[in-house]
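Some notes on the structure that comes next.
No hydrogens, no waters, no symmetry mates; every other heavy atom, side chains included, goes into these values. Quick note on labels: first sequence line is chain A, next is B, and so on, each numbered from 1.
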2 protein chains.
Amino acid sequence: METWKEFEANELTHSVAHHLLAIQDAGCRYGGWARVSDIARRLAVTRGSVSIMLRSLRNRQLILTDEHRMVRLSPRGERIAQNVIAKKAVLKGFLADVLRVPEPQAEIDSCKIEHLISRDTAERLAQLMRFLGSGDPAVHDIVERFHRTSRECRDANSCPVCTDRCLIEDLAPGAAENGGEQESEAPPAESPEETEG
Amino acid sequence: METWKEFEANELTHSVAHHLLAIQDAGCRYGGWARVSDIARRLAVTRGSVSIMLRSLRNRQLILTDEHRMVRLSPRGERIAQNVIAKKAVLKGFLADVLRVPEPQAEIDSCKIEHLISRDTAERLAQLMRFLGSGDPAVHDIVERFHRTSRECRDANSCPVCTDRCLIEDLAPGAAENGGEQESEAPPAESPEETEG
DNA sequence: AACTCTTGCTTGACATACTAAACAAATACA
DNA sequence: TGTATTTGTTTAGTATGTCAAGCAAGAGTT
């Protein structure tokens, strides 16, 4: 019923996750210490924006600050960053190598959800990757067969994914997202009534 | 470099996606027509909040409005809703049945990312589900073997998931998220300097 | 020393998405 | 018919996360 509100309750927002990664990345050449400008450049946001974000990260004790205004991850921040990196690696590996989602999309998708999946999901996914890559010929053969499998859906009735309706069809271009969503013919002002009267 | 900004460029926010689903759900008994209150109740938000959201959905032509203030999805809104439903079904099926992520978590995770995954990813995932559920004994056997597989990581060196570092370890409780994140001892005011001076 | 550039921070603004409170219109019931 | 409740909307406020613009301190150059 209210599961959907869990989204707001995330410990980590997309923005916070990527700020942590950027701090780690920017600092890696200087013993972990980074400057606001470096972080901003990496994220392609303004220094002001980073400055505000750092205030929040500092209060959450995810970063440490120098007397020279240098910034680095706290041990806790580092754990979180490592966690996000691990999730993304597993996700991207799965999308790219198992599902064979084309490269740029695999990168985008894993980047979008890296901070959202639970430890449970990430771990099981990692175990699946380990299982599939274990070198067992039978496993390898099955994966090969999957990759050779036809991409078309022929028999919606015998399909284990669909029930009364073909779910794969609902994912198709005609069905929203990029297909119908994007060319939204310039919507009018937010409150047409008000501009009218 | 700036892949992370794709997150903001989503056609569908989590909130919009769930408002569309709620409208469809609330209206299903009345020929698709729903009332603001019904939608609000389903989402556990205020009527005011729904009212504002509907204004935006109306301008994006995702809903239609009655002279009696009844609301329903437009054909476009319906396509998008169906799309989200399909993505979630595929995702949850994968998490619950293949990965065997415990039920509530599978529900939460699929709810969080249903609107974020690309058509590419959703389709390939659906194809994987179809392949795994095709009834082929060899495939079935491999899935069975995966489910019986030990959950521990013993040999980080031969592990196909990890490189120099065990990624699965980075996902473990000690490493952030629920482990270190949540019991954040009441952070001080946002700007300690200011309250101090 | 004077000038310029870079840097970090602050401010005001915007967009999203929520709340609570107040209100008017519609509905329900007595 | 009159009162009470429900309903939809609006407004002001909160929180996050961004931008642009401006300011002040430090660094580099001449």
Side-chain angles (χ1 to χ4, degrees), chain A residues 2 4-20 22-23 26 30 33-60 62-63 65-72 115 187 189-194 197, chain B residues 2 4-20 22-23 26 30 33-60 62-63 65-72 112 115-116 187 189-194 197:
Chain A
E2 290 156 33
W4 83 283
K5 281 203 171 185
E6 296 273 338
F7 191 84
E8 327 296 300
N10 290 326
E11 332 78 87
L12 235 47
T13 64
H14 183 72
S15 183
V16 166
H18 279 275
H19 274 78
L20 294 180
I23 292 166
Y30 311 98
W33 294 98
R35 292 179 316 165
V36 170
S37 301
D38 299 331
I39 301 164
R41 234 187 314 277
R42 259 171 191 72
L43 294 173
V45 296
T46 61
R47 299 189 307 271
S49 187
V50 169
S51 183
I52 293 168
M53 176 60 88
L54 291 185
R55 190 155 61 206
S56 156
L57 296 181
R58 204 175 294 121
N59 290 336
R60 290 163 71 178
L62 300 180
I63 58 167
T65 315
D66 206 49
E67 65 268 33
H68 307 300
R69 290 151 150 184
M70 298 295 272
V71 176
R72 67 168 302 154
H115 66 296
E190 187 74 350
S191 308
E193 266 84 341
E194 280 163 29
Chain B
E2 291 157 32
W4 83 283
K5 283 203 171 185
E6 296 273 338
F7 190 84
E8 326 296 301
N10 290 326
E11 333 76 89
L12 236 47
T13 64
H14 182 72
S15 182
V16 166
H18 279 276
H19 275 76
L20 294 180
I23 293 166
Y30 311 98
W33 294 98
R35 292 179 316 165
V36 170
S37 301
D38 300 330
I39 302 164
R41 235 188 312 278
R42 258 171 190 74
L43 294 174
V45 297
T46 61
R47 299 190 307 272
S49 186
V50 170
S51 184
I52 293 167
M53 176 60 88
L54 292 186
R55 190 156 59 206
S56 156
L57 295 182
R58 204 174 295 122
N59 290 337
R60 289 163 70 177
L62 300 180
I63 60 167
T65 315
D66 207 51
E67 66 268 34
H68 307 300
R69 288 151 152 185
M70 299 294 273
V71 176
R72 67 168 302 153
K112 279 184 184 175
H115 66 296
L116 290 174
E190 187 73 350
S191 308
E193 266 85 341
E194 280 163 29

Can you find a pair of side-chain heavy atoms, one from His18(B) and one from Leu43(B), that are under 4.5 Å apart?
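Sidechains of Leu43(B) and His18(B): in contact.
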
Report the residue (Asp38(B) or Arg69(A)) whose heavy-atom-nearest nucleotide on DNA chain D is the more 5′ of the two.
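Checking each residue's closest nucleotide, the 5'-ward one belongs to Asp38(B).
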
Using the side-chain heavy atoms of Val36(A), tell me which of these nucleotides is nearest: dC9(C), dT11(C), dA17(C).
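Of dC9(C), dT11(C), dA17(C), dC9(C) is nearest to the side chain of Val36(A).
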
Name the closest nucleotide to the Thr13(A) side chain, picking from dC9(C), dT10(C), dT16(D).
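Selected nucleotide: dT16(D).
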
For [X], answer base if it contacts any base atom (sugar-phosphate contacts may also be present), sugar-phosphate if it contacts only those atoms, and nothing otherwise; contact means non-hydrogen atoms under 4.0 Å.
X        : value
Ala40(A) : nothing
Thr46(B) : base
His19(A) : sugar-phosphate
Ser37(B) : sugar-phosphate

Taking only residues two or more places apart in sequence, or in another chain, which ones meet His115(A) in a ring-ring contact (aromatic ring centres under 6.0 Å, His included)?
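In terms of ring-ring contact (aromatic ring centres under 6.0 Å, His included), with neighbours along the sequence ignored, His115(A) is linked to His14(A), Phe7(B).
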
Between Lys5(B) and Ala44(A), is there a donor-acceptor pair closer than 3.5 Å when you use the side chain of the first and the backbone of the second?
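Between the backbone of Ala44(A) and the side chain of Lys5(B) there is a qualifying donor-acceptor contact (under 3.5 Å).
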
Verify the contact: side-chain N or O of [X] to OP1 or OP2 of [N], cut-off strictly under 4.0 Å; return yes or no.
X        : N       : result
Ser15(A) : dT18(D) : yes
Lys5(B)  : dC19(D) : yes
Arg35(B) : dT6(D)  : no
Ser51(A) : dG8(C)  : no

Calculate the interatomic distance between [X] atom [atom1] and [N] atom [atom2]; express it in whole Å.
X        : N       : atom1 : atom2 : result
Met70(A) : dT6(C)  : CE    : P     : 18 Å
Met53(A) : dC9(C)  : CE    : P     : 14 Å
Asn10(B) : dA17(C) : CG    : C1'   : 15 Å
Ile39(B) : dG8(D)  : CD1   : P     : 8 Å
Leu57(B) : dC18(C) : CG    : P     : 11 Å
Ile52(A) : dC14(C) : CD1   : P     : 16 Å
Asp66(B) : dG8(D)  : CG    : C1'   : 14 Å
His18(A) : dT18(D) : NE2   : C1'   : 16 Å

Quick one: CG on Leu12(A) to NE2 on His19(A), what's the gap to the nearest 0.5 Å?
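If we round to the nearest 0.5 Å, Leu12(A):CG and His19(A):NE2 are 12.0 Å apart.
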
Rounded distance (nearest 0.5 Å) linking atom OG of Ser51(B) with atom CD1 of Ile39(B)
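If I round to the nearest 0.5 Å, the distance is 10.0 Å.
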
For Val50(B) and Arg47(A), take the nucleotide of DNA chain C holding the closest heavy atom to each; which residue's nucleotide lies nearer the 5' end?
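First, find each residue's nearest nucleotide; the 5'-ward one identifies Arg47(A).
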
